[in-house]
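Here's the structure, in structure tokens; my notes come after.
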Amino acid sequence: MKKILITGGAGFIGSHVVRRFVNKYPEYQIFNLDALTYAGNLENIKDIENQSNYTFVKGNIVDESFINELFSLHNFDGILHLAAESHVDRSIEDPLAFVKTNVIGTMNLLNAAKNQWKNNFEAKRFYHISTDEVYGSLGAEGLFTETTSYDPNSPYSASKASSDHFVRAYGETYGLPYVLTNCSNNYGSYHFPEKLIPLFINNIINNKPLPVYGDGNYTRDWLFVEDHAIAIDLVFHEGKNHETYNIGGFNEWKNIDLVKLLCQIMDEKLGRSQGTSQELITYVKDRPGHDLRYAIDASKINKELGWKPSVTFEEGLEKTINWYLNNEEWLQNVTSGSYKDYYQKQYS
Ligand code: NAD
Ligand code: DAU
């Protein structure tokens with residue numbers, strides 16, 4: 001049985017990846033390593049927690065001796081590394097936390113993998129899940145490709161760029177077999193309501209202001225999280241060693257247009273008259289260093305691995321909004337903070 005380590009599996013994207021791997025690959029023993037920071041929520045994966053091929057490990061990737069001990073207990077065949085500090089606004093408040101987890105934490109995993117696998121890399125793989133934000137900002141035209149130069153602008157993207165570089169360097173210097181993906185903005189279920197889409201859905205439900213940064217004319221390329229999990233599965237199994245793949249939705253939206261669409265759909269769903277939620281839009285001070293536009297050219301993963309998004313944005317958004325409306329308890333537990341008690345109840 002192959003042992004696969006997934007880090008950050010209690011977070012947004014990680015929970016979708018863990019669920020997919022546990023359900024689809026009974027022949028793998030899946031270890032989900034997560035520190036359960038504010039962003040880690042075991043309620044995200046409670047549907048698979050009792051499956052026999054799943055083990056949860058609470059621990060911090062910044063803690064080198066803990067990581068070395070974990071690797072002395074288990075010989076991992078593959079590592080999918082998603083654990084990270086992921087929110088740009090928080091990185092502006094506390095950049096060092098991002099260096100610790102995203103750079104030092106990644107280094108600890110790289111070292112542990114290199115030491116465990118020594119030079120026997122047959123059928124081993126280190127997969128770093130990264131972001132399109134490492135490429136910086138686009139102007140009105142063009143798309144990020146795998147050869148676009150790195151030009152990160154926020155402490156978050158600088159820390160992810162740094163960890164990408166270390167992953168590549170370990171491939172070049174020590175021959176570590178790695179794959180790397182840079183993905184655009186995800187949306188979907190189990191998304192912590194500090195990011196644009198879940199925050200605004202929650203605020204609309206609760207009649208709270210919708211804080212649009214600056215003039216709202218910033219563009220993001222949105223991808224349904226389950227399509228990202230499918231792409232991750234594909235790259236992990238079929239991607240070429242030492243290659244990078246860009247993943248995106250071919251789905252650009254200006255923030256203000258997306259927010260208006262959300263308001264319109266939410267008014268319909270909540271039985272409010274059209275225009276009610278739009279009145280909640282409040283223009284606020286801009287994010288410092290705010291990147292104008294992200295957009296991914298995902299043709300390499302499409303041509304080489306046959307991946308493309310399986311749902312349209314309309315379908316994905318419909319599924320997402322329905323999920324938040326049908327999972328009020330999850331939202332309430334997250335916003336009240338009671339989701340933090342879940343680990344204590346289940347594992348202690
Ligand atoms: P998230 O913030 O929802 O989840 C991060 C998870 O990592 C949490 O469960 C948290 O507890 C855990 N974690 C944080 N610090 C840790 C530490 N020191 N040790 C162990 N665990 C720790 O993040 P997400 O949005 O699911 O993103 C997952 C990965 O995908 C990140 O690497 C992020 O950079 C990347 N990514 C995210 C997006 C997006 O749109 N959300 C897009 C592209 C790439
Ligand atoms: O592009 C991939 C990245 O997407 C990931 O690497 C990050 O982990 C993820 O958080 C996301 O980063 P963004 O900064 O693009 O996502 P966020 O949801 O924070 O913001 C999306 C856009 O909406 C951005 O232009 C800022 C704006 N915004 C955001 C918030 C939270 C607002 O106008 N108001 C808000 O309250």
Side-chain angles (χ1 to χ4, degrees), residues 6-18 32-42 44-45 57-63 66-67 80-92 97-98 100-102 104-106 108-109 128-135 137 144 152 154 156-157 159-160 163-164 181-188 190-200 203 209-223 225 228-229 232 246-248 253-256 258-259 281-287 289-296 343:
I6 301 180
T7 71
F12 166 48
I13 301 170
S15 63
H16 286 276
V17 173
V18 164
N32 172 12
L33 166 61
D34 199 296
L36 300 183
T37 68
Y38 81 93
N41 181 353
L42 287 174
N44 293 359
I45 33 168
V57 182
K58 185 170 187 286
N60 195 322
I61 58 170
V62 181
D63 182 344
F66 161 77
I67 291 295
L80 289 92
H81 175 35
L82 293 99
E85 287 292 342
S86 69
H87 191 38
V88 173
D89 294 331
R90 286 179 189 256
S91 81
I92 296 165
F98 284 66
K100 285 181 185 162
T101 288
N102 299 358
I104 311 282
T106 303
N108 286 337
L109 290 166
H128 188 227
I129 284 81
S130 192
T131 170
D132 60 357
E133 298 201 12
V134 298
Y135 299 124
S137 185
F144 295 134
S154 73
Y156 163 67
S157 52
S159 68
K160 292 295 289 189
S163 51
D164 283 2
T181 50
N182 296 90
C183 186
S184 65
N185 287 62
N186 286 213
Y187 69 96
Y190 304 109
H191 203 180
F192 195 84
E194 64 180 353
K195 309 279 170 69
L196 183 76
I197 289 184
L199 174 71
F200 280 30
N203 285 8
L210 306 176
V212 172
Y213 297 165
D215 60 8
N217 285 319
Y218 294 89
T219 299
R220 297 291 182 266
D221 172 0
W222 293 94
L223 177 68
V225 64
H228 189 189
I232 288 173
N246 279 355
I247 306 172
W253 282 82
K254 278 197 173 163
N255 291 343
I256 190 62
L258 172 56
V259 169
I281 293 175
T282 313
Y283 290 92
V284 298
K285 193 164 159 272
D286 211 347
R287 171 186 279 176
H290 200 166
D291 286 330
L292 179 67
R293 177 171 164 257
Y294 304 146
I296 283 277
Y343 174 73

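Computed from heavy atoms alone, side chains included, the values below leave out hydrogens, waters and symmetry copies. In each ligand, atom 1 is the first atom listed, and ligand 1 is the first ligand listed. Counting begins at 1 with the first residue of the sequence. Just so you know, these numbers come straight off a predicted model, no measurement behind them.
Residue, atom and distance of the protein heavy atom nearest to atom 17 (C) of ligand 1 are Asn60 OD1, 3.5 Å. Summary of contacts: the protein heavy atom closest to atom 4 (O) of ligand 1 is Gly11 CA, 3.4 Å. The protein heavy-atom contact nearest to atom 37 (C) of ligand 1 is Ile13 CD1, 3.3 Å. Looking from atom 11 (O) of ligand 1 to the surrounding protein, the closest heavy atom is Asp34 OD1, 2.6 Å.
The residue Lys100 has no part lying near ligand 1, judged by heavy-atom distances below 4.0 Å. Heavy atoms of Ile129 found under 4.0 angstrom from ligand 1 belong to the backbone as well as the side chain. With a 4.0 Å cut-off on non-hydrogen atoms, Asn41 does not touch ligand 1 at all. Neither the backbone nor the side chain of Tyr38 has a heavy atom within less than 4.0 Å of ligand 1.
Across Thr101, Asp132, Ile197, Val134, heavy-atom proximity to atom 16 (C) of ligand 1 is greatest for Thr101. The closest heavy-atom contact to atom 14 (C) of ligand 1, among the options Gly59, Ala84, Gly8, Ala35, comes from Ala84. Of the candidates Ala10, Ser130, Ala83, Cys183, Ser130 brings a heavy atom nearest to atom 44 (C) of ligand 1. Atom 33 (C) of ligand 1 has its nearest heavy-atom neighbour, among Phe98, Phe66, Tyr156, in Tyr156.
Geometrically, Arg90 engages Tyr38 in a cation-pi contact, judged by NZ or CZ lying under 6.0 Å from the ring centre and within 45° of the ring axis.
Ser137 meets the side chain to side chain contact (heavy atoms under 4.5 Å, CB included) test with Asn153, Asp291, Leu292; sequence neighbours excluded. Contacts of Tyr135 classified as ring-ring contact (aromatic ring centres under 6.0 Å, His included), with partners at least two apart in sequence or in another chain: Phe144, Tyr150. Every side chain to side chain contact (heavy atoms under 4.5 Å, CB included) that Thr181 has, sequence neighbours left out, goes to Tyr127, Ile129, Val235, Tyr245, Ile247.
Taking 4.0 Å as the cut-off, Thr7 does not count as a neighbour of ligand 1 on heavy-atom distance. Using 4.0 Å as the threshold, Ser15 has no heavy atom nearer than that to any atom of ligand 1.
Residues Glu85 and Tyr156 bring no donor and acceptor atom of their side chains to less than 3.5 Å of each other. No side-chain donor-acceptor contact under 3.5 Å links Asp34 and Tyr343.
More than 12 heavy atoms of other residues, nucleotides or ligands sit less than 6.0 Å from atom NZ of Lys195. Atom NZ of Lys254 has 12 or fewer heavy atoms from other residues, nucleotides or ligands within 6.0 Å.
Annotation: ligand 2 has protein neighbours Ser86, His87, Val88, Thr131, Asp132, Glu133, Tyr156, Cys183, Ser184, Asn185, Glu194, Lys195, Leu196, Leu199, Phe200, Pro211, Val212, Tyr213, Tyr218, Arg220, Asn255, Arg287, His290, Tyr294, each with a heavy atom less than 4.0 angstrom from the ligand.
Screening His228, His191, His87 for a ring-ring contact (aromatic ring centres under 6.0 Å, His included) involving Phe12 leaves a single residue, His191.
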